Amino acid sequence: QNMTVPLNAYLGIANLKVRFRYLAYWGDGVAIDNVKLFGDKPLSTSFVWNAPNIGIFNSNCSTPYVDGTPTASICIKPTDGQLQSIANWNISAVATLSNGCTTTGVITVHNNNKVWDTTASTTWGATDKWLPTNEIPDIGKCVIVKKPVNLLNVDGFAKNIKIQPGGSLNIKKGRTLTVTDYIKNETTVNNEDQLVLESDANFIQLNGTAANSGKMTAMREVIGLVNDPAGRKVDYVYWSSPVAGQITKGTAPGAFSPGTPPNRFFYYLESNDRFYETGDPTFRLGRGYAVQAEANQGPFPNTAPYTKNYLFKGTPNNGDISFNIIKSSAAVSVHGYNLVGNPYPSNIKFDELYAGNSGLIYNTAWFWNNATYEQYQQGSSYGGNNYAVYNGTGGTPATTPSGVVYSTKVPNGIIKVGQGFLVQKKVLGTDPLNFKHFYTSGNKLRVSDTGEFFQKDATGKNRYWLSL
């Protein structure tokens, strides 16, 4: 009979003795043969290291390792050239045991970097142009961009991304770049122009604590805006910034809408439901702004409709973001409206925003889409219906006059990059509206699902204006 006796319970005992006892009767006998005592014992020794094709350093990662020197641990630091030319490294460790014998182990370190360093193509999906192996990066790869590349024919994935001087990354319309951690724009010339998010593209990050560095230009195209004060037709858009540091009003270089008079760059005052000139020098994260269409932008005459890509320039926002919202009077049921906005360079899902703030706000979002002109659109007495509405039962378009649909845009709960919108607070006082990557439900706030950007319905029966 073969028997195995586990000795796990006796780990650490210095002098372990094993005794075999046998109870026998007349004529019985016992024999024991081939006793084998075995197990694993960690090596408390130093190793002599060898790693061809990669630099070896002592554990401080700064002092070069001297060949043949026994040490317990080392640091390896591949050069830029090695990162894009070698797929993996085989590192050997030789240990001398207490009996004088040696044993050797080989550790294979896989190169999880993907390098774009070609001018033969500018397309992310060009499989044969990625180094060190011809594969498109996946969500576990660290991407280094050394030359211009466009996310055009496929969606992109990476663990993190570094854009080095000479490189650029353009996320084209309709495409999504998903990154586990951070993006670092290390370019030194026109930094914000080397990382571009086109209108209707998405940049999603999975790690809410990852910090980005460098700048991005995020675009949002608007169509058919009009500024004709003489004709009393002036369009407004509800905006919110997906980047940090974007200048609001004025004509200084980098200002968001330089053709908008400073006194027509508005925030929303909850206590009386009216708009006032903002004093914010830059967009506040999570706040929405009502911004008048620019003057002299259209073709002759200058009051004709114009189309423009508005640009947000700054560090792309990531992580949990809070914006304080207010309800100033419990006695007046119409109060509690706050103009907020999507703070990310990706679309967000209103259902998730509500689920994470259900004790704070009602399950309704209002999107400005003035379907037919009314001169006065301010104040708690406003009786029009120029907002498209989304709630827990679905979306409805703007219908002014009541029951007549002038707009084809119906909100589906997806709030696009750059979009401002209204929510209503339930409880009296000031509390933070929390935008989180994940709420307790575990569902994602940031998504690439498609939706509408509410500013003007080019196919609607009438244009919309706002006179303030």
Side-chain angles (χ1 to χ4, degrees), residues 46-95 102-151 154 156-170 177-189 191 194-195 205-207 210-214:
S46 296
F47 303 88
V48 173
W49 301 88
N50 181 47
N53 302 322
I54 194 170
I56 309 178
F57 294 80
N58 292 336
S59 57
N60 61 12
C61 289
S62 60
T63 306
Y65 171 75
V66 177
D67 289 344
T69 304
T71 184
S73 60
I74 59 169
C75 172
I76 60 171
K77 294 198 298 186
T79 64
D80 284 350
Q82 291 168 340
L83 284 177
Q84 66 184 69
S85 62
I86 301 174
N88 53 66
W89 295 273
N90 292 320
I91 302 170
S92 65
V94 180
T102 61
T103 183
T104 302
V106 177
I107 304 167
T108 299
V109 178
H110 298 284
N111 182 359
N112 277 332
N113 291 272
K114 301 296 291 185
V115 181
W116 184 269
D117 188 19
T118 181
T119 56
S121 174
T122 58
T123 304
W124 182 286
T127 304
D128 61 335
K129 298 300 185 291
W130 286 98
L131 300 172
T133 57
N134 299 146
E135 300 168 324
I136 298 174
D138 58 39
I139 200 68
K141 297 297 188 295
C142 301
V143 172
I144 301 171
V145 177
K146 294 186 174 184
K147 296 289 191 298
V149 63
N150 298 317
L151 200 63
V154 295
F157 300 89
K159 176 176 174 57
N160 57 56
I161 297 179
K162 289 183 180 180
I163 306 172
Q164 295 184 345
S168 65
L169 173 58
N170 191 323
L177 174 62
T178 302
V179 175
T180 299
D181 294 321
Y182 57 81
I183 191 164
K184 292 184 177 181
N185 183 359
E186 300 176 341
T187 60
T188 54
V189 178
N191 178 263
Q194 311 312 320
L195 174 58
Q205 292 173 265
L206 304 181
N207 181 353
N212 300 315
S213 62

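We count residues from 1, following the sequence as given. Computed from a predicted model, the values in this text were never measured in an experiment.
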Partner residues of Asp138 under the side-chain hydrogen bond (donor to acceptor under 3.5 Å, both in side chains) criterion, sequence neighbours left out |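 Result, side-chain hydrogen bond (donor to acceptor under 3.5 Å, both in side chains) vs Asp138: Lys141.
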Would you please name every residue forming a side-chain hydrogen bond (donor to acceptor under 3.5 Å, both in side chains) with Glu186, sequence neighbours left out?
->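 Expected list: none.
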Please give me the minimum heavy-atom distance between [X] and [Y], naming the atom from each residue.
X	Y	result
Trp130	Glu135	CB-O, 3.3 Å
Trp89	Pro52	CD1-O, 3.9 Å
Val143	Ala158	CG2-CB, 3.6 Å
Ala51	Ile91	CB-CG1, 3.8 Å

Residue pairs passing the salt bridge (charged side-chain N to carboxylate O under 4.0 Å, His left out) test where at least one lies in residues 108-118, sequence neighbours excluded =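 Passing the test, one end in residues 108-118: Asp117-Lys147.
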Do the side chain of [X] and the main chain of [Y] share a donor and acceptor less than 3.5 angstrom apart?
X	Y	value
Thr118	Ala120	yes
Asn111	Ile86	yes
Trp116	Pro148	yes
Asn185	Asn191	yes
Asn112	Gly140	no

Straight-line distance of [X] [atom1] to [Y] [atom2], nearest 0.5 Å:
X	Y	atom1	atom2	result
Ile76	Asn53	CD1	CG	11.5 Å
Ile161	Ile144	CD1	CD1	11.0 Å
Gln164	Asp80	CD	CG	5.5 Å

Under a 4.5 Å cut-off applied to non-hydrogen side-chain atoms, are Val48 and Thr102 in contact?
->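 They are not in contact (no side-chain heavy atoms under 4.5 Å apart), so the answer is no.
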Output a table of donor-acceptor pairs, distance under 3.5 Å, between side-chain atoms of residues 54-70 and any protein atom two or more places apart or on a different chain; print 'none' if there are none.
{"unit_1": "Asn60", "atom_1": "OD1", "unit_2": "Ser62", "atom_2": "N", "d": "3.0"}
{"unit_1": "Asn60", "atom_1": "OD1", "unit_2": "Ser62", "atom_2": "OG", "d": "3.4"}
{"unit_1": "Asn60", "atom_1": "OD1", "unit_2": "Thr63", "atom_2": "N", "d": "3.0"}
{"unit_1": "Asn60", "atom_1": "ND2", "unit_2": "Thr63", "atom_2": "OG1", "d": "3.0"}
{"unit_1": "Tyr65", "atom_1": "OH", "unit_2": "Trp49", "atom_2": "N", "d": "3.1"}
{"unit_1": "Tyr65", "atom_1": "OH", "unit_2": "Thr69", "atom_2": "N", "d": "3.4"}
{"unit_1": "Tyr65", "atom_1": "OH", "unit_2": "Thr69", "atom_2": "O", "d": "2.6"}
{"unit_1": "Thr69", "atom_1": "OG1", "unit_2": "Val66", "atom_2": "O", "d": "2.9"}

List, one per line, each side-chain donor-acceptor pair under 3.5 Å for residues 121-129, sequence neighbours excluded.
{"unit_1": "Ser121", "atom_1": "OG", "unit_2": "Thr123", "atom_2": "N", "d": "3.2"}

Just jot down the salt bridge (charged side-chain N to carboxylate O under 4.0 Å, His left out) partners of Lys159, sequence neighbours excluded, or say none.
->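 Residues passing salt bridge (charged side-chain N to carboxylate O under 4.0 Å, His left out) with Lys159: Asp181.
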Among Asn212, Asn160, Thr178, Thr180, whose side-chain hydrogen bond (donor to acceptor under 3.5 Å, both in side chains) with Gln205 holds?
->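 By the side-chain hydrogen bond (donor to acceptor under 3.5 Å, both in side chains) criterion, Gln205 pairs with just one of Asn212, Asn160, Thr178, Thr180: Asn212.
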